[in-house]
Amino acid sequence: MAAGRQPSRATATGFLLLAVLLTEQVLAAEALSIGVNYGQIANNLPSPGRVSSLLRSLKISKVKLYDADPRVLHAFLGTGVEFVVGIGNEHVPAMVSPAAAQAWLRQHVAPHLRAGARITCITVGNEVFKGNDTVLQASLLPAMHSVHQALGTLGLQGRVNVTTAHSLDIMGVSYPPSAGAFHPGAVSHLRPFLSFLSATRAPFLINCYPFFAYKDDPARVPLDYVLFEPNAGVTDPNTGLNYDNMLYAQVDAVYTAIQAMGHTDIHVKVSETGWPSRGDPDEYGATPEHAGTYIGNLLRRIEMKQGTPLRPAVPIDVYVFALFNENLKPGPASERNYGLFYPDGRPVYNVGLRGYLPPMADSQGTRQVIHLLILIAMASVAFALS
């Protein structure tokens with residue numbers, strides 16, 4: 001019987017190098033479909049390096065920022081995590097200038113893309129039409145055009161979408177979903193905005209919070225309906241489609257409103273949704289139990305790649321709000337309690353997400369340590385084969 005041929009040193013080393021190179025691809029292949037909003041209005045959050053480790057341990061591969069924090073983008077280099085970055089409302093009027101838009105991209109986006117970051121979308125402003133700032137509202141679309149054109153000038157067009165995120169307040173009618181219509185006061189702004197999204201193949205982002213509907217009228221809004229719990233649902237009288245949860249009904253109302261303005265080619269993404277674990281006494285339903293039920297059931301539906309009744313073949317695309325409780329956010333107590341995690345890495349409630357936030361001593365170089373161990377193993381194998 002012939003002796004088995006021993007692998008060469010080069011072959012063994014090659015296999016180990018391949019293991020190193022495939023580490024990120026394997027993580028990406030196992031990634032969850034959910035995205036998460038990473039807000040930083042707090043003074044007690046872990047460093048971006050530690051957050052990078054936490055999200056990789058959770059296999060979350062989509063992150064939405066409200067700015068373009070270079071510390072965060074640098075900390076996630078090489079992870080394969082896909083980013084949405086933002087231009088704050090206070091900067092939107094300045095972005096109307098093509099020179100200002102190009103300067104912003106040169107500083108906040110281009111260097112990170114060259115370094116290997118995955119930035120796929122830029123949001124210009126957030127919930128611009130929720131307030132009464134007419135200058136901001138009038139600046140929005142020109143600013144988006146400037147940013148889009150500047151991307152082309154820098155050779156980045158096609159790699160990064162440009163859009164903005166809207167509050168559900170932009171809807172004048174949201175029930176039934178088949179009657180969905182935008183608020184009359186926003187229509188003149190939205191008509192050219194939708195044409196821009198269609199021409200550039202960018203998504204329509206909407207922030208949807210069924211919690212608000214329940215909080216405002218808990219006697220009439222069924223809790224099971226807003227929490228994705230088993231219920232008979234609500235049937236749209238015009239389409240006959242049955243909705244067993246409010247979030248899907250809200251999304252389909254937006255689709256209907258967009259279609260009523262002549263567009264069927266614009267994808268709707270939920271840029272924010274969540275449920276607070278605590279609130280003020282008048283914020284009914286803000287409990288850890290309800291928050292865990294809402295997020296847990298939503299996660300299960302997303303992993304099933306479920307679509308809405310109106311778009312059943314299109315898996316719903318959602319960014320959960322938010323990663324951490326943020327202790328400096330203004331407003332009612334609920335605003336500071338939307339997080340999946342406390343700043344120390346403990347989950348606020350159990351939805352099956354098992355993450356690891358490394359201690360501060362490990363916040364830098366976790367990846368380098370892993371790679372060093374692999375290199376040591378490679379050297380050991382090579383020595384044994386010599």
Side-chain angles (χ1 to χ4, degrees), residues 27-40 42 45-46 50-64 79 81-82 84 207-215 221-231 244-248 250-251 269-279 283-308 315-327 329 333-358:
L27 286 174
E30 298 174 348
L32 297 175
S33 301
I34 193 90
V36 66
N37 284 275
Y38 177 10
Q40 298 184 77
L45 298 182
R50 297 172 69 205
V51 175
S52 173
S53 296
L54 172 65
L55 290 186
R56 282 185 286 125
S57 72
L58 293 167
K59 297 182 173 61
I60 289 176
S61 63
K62 297 190 299 183
V63 174
K64 180 170 163 283
T79 64
V81 170
E82 175 184 311
V84 176
N207 299 339
C208 296
Y209 289 90
F211 164 73
F212 293 149
Y214 179 75
K215 173 183 71 72
V221 177
L223 185 60
D224 287 343
Y225 180 64
V226 293
L227 293 180
F228 300 96
E229 290 285 82
N231 66 94
D244 67 354
N245 70 85
M246 182 176 284
L247 180 68
Y248 286 10
Q250 291 174 338
V251 171
K269 294 186 179 185
V270 179
S271 41
E272 288 182 19
T273 193
W275 195 284
S277 57
R278 283 187 60 236
E283 293 188 290
Y284 300 105
T287 68
E289 295 75 21
H290 292 341
T293 300
Y294 182 81
I295 296 298
N297 286 336
L298 175 61
L299 283 171
R300 281 185 279 277
R301 288 176 180 249
I302 289 171
E303 290 313 303
M304 291 166 57
K305 300 191 183 304
Q306 196 174 71
T308 65
I316 191 165
D317 199 337
V318 174
Y319 285 80
V320 167
F321 186 87
L323 181 56
F324 295 110
N325 282 345
E326 299 173 65
N327 67 342
K329 290 198 74 174
S334 61
E335 286 294 318
R336 295 175 288 284
N337 291 279
Y338 274 94
L340 297 172
F341 294 92
Y342 294 109
D344 63 5
R346 290 179 297 125
V348 176
Y349 40 79
N350 180 21
V351 292
L353 293 176
R354 303 297 181 203
Y356 171 68
L357 181 70

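Partners of Arg336 under the salt bridge (Lys or Arg N to Asp or Glu O under 4.0 Å) rule, at least two apart in sequence or in another chain, do not exist in this structure. When the salt bridge (Lys or Arg N to Asp or Glu O under 4.0 Å) test is applied to Asp224, no partner is found at least two apart in sequence or on another chain. With sequence neighbours excluded, the residues that form a salt bridge (Lys or Arg N to Asp or Glu O under 4.0 Å) with Lys269 are Asp317. Shown here are the salt bridge (Lys or Arg N to Asp or Glu O under 4.0 Å) partners of Glu326, two or more places apart in sequence or in another chain: there are none. Listed by chain and number, the residues in a ring-ring contact (aromatic ring centres under 6.0 Å, His included) with Phe211 are Trp275 (sequence neighbours excluded).
Taking the side chain as every heavy atom from C-beta outward, Val81 and Leu55 never approach each other to under 4.5 Å. Using a 4.5 Å heavy-atom threshold, the side chains of Pro222 and Asn231 count as separate. In this structure the side chain of Phe341 reaches within 4.5 angstrom of the side chain of Leu58, judged on heavy atoms.
Counting all heavy atoms, side chain and backbone alike, Arg50 lies closest to Pro358 at NE-O, 2.7 Å. Scanning both residues, Cys208 and Leu247, for their nearest heavy atoms gives CB-CD1, 3.5 Å.
Contacts classified as salt bridge (Lys or Arg N to Asp or Glu O under 4.0 Å) and involving residues 340-358 (residues at least two apart or in different chains) are given here: Asp344-Arg346.
Taking the six-membered ring where tryptophan is involved, the planes of Tyr338 and Phe321 are perpendicular, since the angle between them exceeds 60° and thus also 30°.
Between the CZ atom of Arg300 and the CD atom of Gln306 there is a distance of 12.0 Å, given to the nearest 0.5 Å.
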**Request:** List the steps and the verdict of side-chain contact (heavy atoms from CB on, under 4.5 Å) for Glu229 and Thr293.
**Result:** CA-CA 8 Å; Glu229 290 285 82; Thr293 300; 3.7 Å; yes

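By the neighbour-count criterion of 12 heavy atoms within 6.0 Å, atom CZ of Phe212 is densely surrounded, having more than that number from other residues, nucleotides or ligands. By the neighbour-count criterion of 12 heavy atoms within 6.0 Å, atom CZ of Arg301 is densely surrounded, having more than that number from other residues, nucleotides or ligands.
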